[in-house]
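These numbers were taken from a predicted model, which means no experiment stands behind them.
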Amino acid sequence: MGQIVGLFGTRGALKIRSETRPRENLFEYPWFIEQRDGWHAYQLGDHRPHQNLFVVELAGVSDRETAASLMKCDIGVKRADLPAPLPGEIYWADLIGVRVLNEQDVDLGVIAQVSNNGAHDVLRLKAGDGRERLIPFVRDHFVLDIDLAKQRLRVDWHPDD
């Protein structure tokens with residue numbers, strides 16, 4: 001749902017990048033932060049927009065050293081807390097692990113990550129041979145069909161790209 005991308009000040013405030021739409025939706029749910037030893041619940045304190053990020057205070061994080069230990073950690077929420085996606089919508093998390101095939105049934109790999117480059121969402125695939133591919137998540141142009149029940153996504157993409 002987001003990531004801790006920076007420190008703000010000396011009292012433990014954090015800079016957060018939200019991957020939700022709208023970006024403020026990140027603050028609608030209880031947070032879990034993925035650390036080396038697993039996911040940990042955090043109580044959200046004050047938060048405010050700052051440039052294209054947010055500055056956030058978390059309960060129990062009151063100094064810069066503690067805040068620094070959370071750098072580059074992912075922010076998640078419980079799936080049960082999220083509303084069901086509307087028709088035609090999909091959660092990025094539902095795409096992770098989905099196999100991607102092109103129109104000629106060439107296996108291009110599985111989706112390892114979904115991100116946004118500002119213009120559109122991007123699928124990062126990992127193939128069995130270790131190769132990575134980036135494919136724009138543009139429906140009806142590159143992304144032709146999504147079948148979550150079969151864990152398959154079909155794309156218009158050449159295997160050498």
Heavy atoms, side chains only, cut-off 4.5 Å: are Glu19 and Arg17 in contact?
-> yes
Which heavy atom in Thr66 sits nearest to a heavy atom in Gly60, and how many Å separate them?
-> CG2-O, 4.2 Å
Same cluster or not: are Leu101 and Leu125 linked, directly or through other Ile, Leu, Val, Met, Phe, Trp or Tyr residues, by side-chain heavy atoms under 4.5 angstrom apart?
-> no
Are Leu123 and Leu134 connected in the hydrophobic side-chain network, where two residues link if heavy atoms are under 4.5 Å apart?
-> no
Test side-chain contact (heavy atoms from CB on, under 4.5 Å) applied to Arg79 and Tyr91, step by step | CA-CA 10 Å; Arg79 178 57 184 257; Tyr91 284 121; 3.5 Å; yes
Is there a donor-acceptor contact under 3.5 Å from the side chain of Glu28 to the main chain of Asn25?
-> no
Would you call Ile16 and Trp31 a side-chain contact if the rule is heavy atoms closer than 4.5 Å?
-> yes
Ignoring hydrogens and angles, tell me if any N or O in the side chain of Arg99 forms a donor-acceptor pair with the backbone of Ile111 under 3.5 Å.
-> no
State the CG-CG distance between Leu153 and Leu148, to the nearest 0.5 angstrom.
-> 8.5 Å
Least distance between heavy atoms, Pro159 atom then Asn102 atom = CD-ND2, 3.5 Å
Given Arg154, which of Asp105, Asp140, Asp107, Asp147 fulfils the salt bridge (charged side-chain N to carboxylate O under 4.0 Å, His left out) condition?
-> Asp105
Is the CZ atom of Arg11 crowded by more than 12 outside heavy atoms at less than 6.0 Å?
-> no
If only atom types and distance count, is the side chain of Gln3 paired as donor or acceptor with the main-chain N or O of Lys72 below 3.5 Å?
-> yes
Is there a donor-acceptor pair closer than 3.5 Å between any side-chain N or O of Asp94 and the backbone N or O of Ile90?
-> no
Is there a chain of hydrophobic side chains (I, L, V, M, F, W, Y, each step under 4.5 Å between heavy atoms) that links Val77 to Val56?
-> yes
NE2 (His141) and CZ (Arg139) are apart, to the nearest 0.5 Å, by 15.0 Å
Which is it for His47 and Phe27 under the ring pair (Phe, Tyr, Trp, His ring centres under 6.0 Å) test, yes or no, and what are the steps along the way?
-> CA-CA 9 Å; His47 58 278; Phe27 304 106; 3.9 Å; yes
Measuring from Met71:CE to Leu14:CG, what's the distance to the nearest 0.5 Å?
-> 8.5 Å
OG on Ser69 to CZ on Arg64, rounded to 0.5 Å | 12.5 Å
Heavy-atom pair with the smallest gap, counting every atom of Glu57 and Ala13 = CG-CB, 4.3 Å
Can Phe137 and His120 be said to form a ring pair (Phe, Tyr, Trp, His ring centres under 6.0 Å), step by step?
-> CA-CA 7 Å; Phe137 187 82; His120 48 73; 9.6 Å; no
Measure across Ala67 and Gly12 and return the closest heavy-atom pair with its distance rounded to 0.1 Å.
-> CB-O, 3.6 Å
In Å, rounded to the nearest 0.5 Å, how long is the span from CG of Asp74 to CH2 of Trp39?
-> 5.5 Å
Apply side-chain contact (heavy atoms from CB on, under 4.5 Å) to Leu144 and Val155, showing your working.
-> CA-CA 5 Å; Leu144 305 176; Val155 295; 5.6 Å; no
Other residues, nucleotides, ligands: >12 heavy atoms within 6.0 Å of Glu103 CD = yes
Step through the shown structure and confirm whether more than 12 heavy atoms of other residues, nucleotides or ligands are within 6.0 Å of CD on Glu132.
-> yes
Pair Asp121-Trp92, side-chain donor/acceptor within less than 3.5 Å | yes
Could you check Leu58 against Ile33 for side-chain contact (heavy atoms from CB on, under 4.5 Å), going step by step and ending with a plain yes or no?
-> CA-CA 11 Å; Leu58 299 175; Ile33 297 178; 3.5 Å; yes
Distance-only polar pair, side chains of Gln35 and Asp37, donor-acceptor under 3.5 Å = no
Honestly curious: do Phe54 and Tyr29 fall in one hydrophobic cluster under the side-chain, below-4.5 Å linking rule?
-> yes
Between Asp160 and Arg133, does at least one N-O distance fall below 4.0 Å, as a salt bridge requires?
-> no
Do Phe32 and His40 make the cut of ring centroids closer than 6.0 angstrom?
-> no
Nearest 0.5 Å, what's the CZ-OG1 distance between Arg23 and Thr20?
-> 8.5 Å
Are Val114 and Leu108 co-members of a hydrophobic cluster defined by side-chain heavy atoms under 4.5 Å apart?
-> yes
Step by step, work out the side-chain contact (heavy atoms from CB on, under 4.5 Å) result for Tyr42 and Leu70.
-> CA-CA 12 Å; Tyr42 279 85; Leu70 298 174; 3.8 Å; yes
